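A quick note: this is a predicted structure, and the numbers were derived from the prediction, not measured. Starting from 1, each residue takes its place in the sequence as its number. Every number for a ligand or one of its atoms is a count from 1 in the order of the listing. Below, all heavy atoms of this structure are taken into account, side chains as well, without hydrogens, waters or symmetry copies.
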Amino acid sequence: MYGIIGGSGFESFIELEREVRVRTPYGSITSYIGRLGGVNIAFLPRHGIKHEYPPHKVRYRANMYSFYKLGVKRVIGLNAVGSILEYMRAGDIVVPHDYVDFTKSRGYTFYDGPRVVHVDVSQPYCPELRRSIVKAALDVCPERLWDRGVYVATEGARYETPAEISMFRSLGFDIVGMTGCPEAALARELGICYAAICLVTNRAAGLQDRLTTSEVLAVAKASIPYVAKIVELTINRYLPRERSCKCGEILAEAEFRRTG
Ligand code: HPA
């Protein structure tokens, strides 16, 4: 089963058939089950079904754990982002290859002790899933695609200041959003493949005069048809049915065990 996590503007993303409620140690989560082409999909609105959880309150652990309990092995996260680079435009798609976490107050791990686990994030996103998304996006909207990029996650709930964005630019970051972390790392901790499709909804603070949430949502809404197409082709055309990445095995070598 494949999982899709929809962010702001992507709440009703794909037509789905039934609702499921999954209980987890971190709270209960409602997601929607359906089929996309020939495969089973679970769709989960990241911010809750009424969009009641702002980025710093999103139940990241409950969301990912509910997918784990449903047997989801691969997750695509959909994120609205601001572009830090001058030459990216609203409507562009970025498939990030790395991230930097500037968030401050979230549940970052499933391993709060007594089990101590340090997962490897040398490849922060699943390489196989990323590759498939890039191929699909090349079919759908090659002129809008950035096939790599560094995502920086900020805490929210406010947008960034121009000085923060200028710092991020000088540090080499490309896009900014509020929800990509710790989602990617939590997936890794459960052995789930994770990659993101980031939609540029605006130029980051300081690159345009003002920034409004209505603008972010309007761009996200307008992009739903081609983002949906990218997801569909990723899953039905490019992603091999069996995983050949290492995401499912990383945990085996991540646990701290006392020697002697
Ligand atoms: N900053 C943070 N999060 C965002 C932005 C932004 O500019 N645009 C969409 N989500």
>> Using only atom types and a distance under 3.5 Å, with no angle test, would you say the side chain of Tyr108 pairs donor to acceptor with the backbone of Cys181?
In response: no
Identity and separation of the nearest protein heavy atom to [atom]:
{"atom": "atom 3 (N) of ligand 1", "result": "Gly177 CA, 3.5 Å"}
{"atom": "atom 5 (C) of ligand 1", "result": "Gly82 N, 3.5 Å"}
{"atom": "atom 10 (N) of ligand 1", "result": "Ala80 O, 3.3 Å"}
{"atom": "atom 2 (C) of ligand 1", "result": "Glu160 OE2, 3.2 Å"}

> Any idea which part of Val81 is under 4.0 Å from ligand 1, heavy-atom wise: side chain, backbone, both or neither?
Replying inline: backbone
>> Are there over 12 heavy-atom neighbours, none belonging to Tyr68, within less than 6.0 Å of that residue's OH?
In response: no
>> When you compare the side chains of Arg46 and Asn63, does any donor N or O come within less than 3.5 Å of an acceptor on the partner?
In response: no
>> Check this for me - ligand 1, Asn202, N or O atoms closer than 3.5 angstrom, yes or no?
In response: yes
> Can you list the atoms of ligand 1 that are under 4.0 Å from a heavy atom of Leu211?
Replying inline: 7 (O)
>> Under 4.0 Å from a heavy atom of Thr201: which atoms of ligand 1 are those, numbered in the order shown and with their elements?
In response: 8 (N), 9 (C)
> Under 4.5 Å between any side-chain heavy atoms of Thr179 and His47, yes or no?
Replying inline: yes
>> Check the orientation of Tyr125 and Tyr99. Use parallel for under 30°, tilted for 30 to 60°, and perpendicular for over 60°.
In response: perpendicular
> According to the interplanar angle, ranging from 0 to 90°, do the rings of Phe43 and Tyr32 count as parallel (below 30°), tilted (30 to 60°) or perpendicular (above 60°)?
Replying inline: tilted
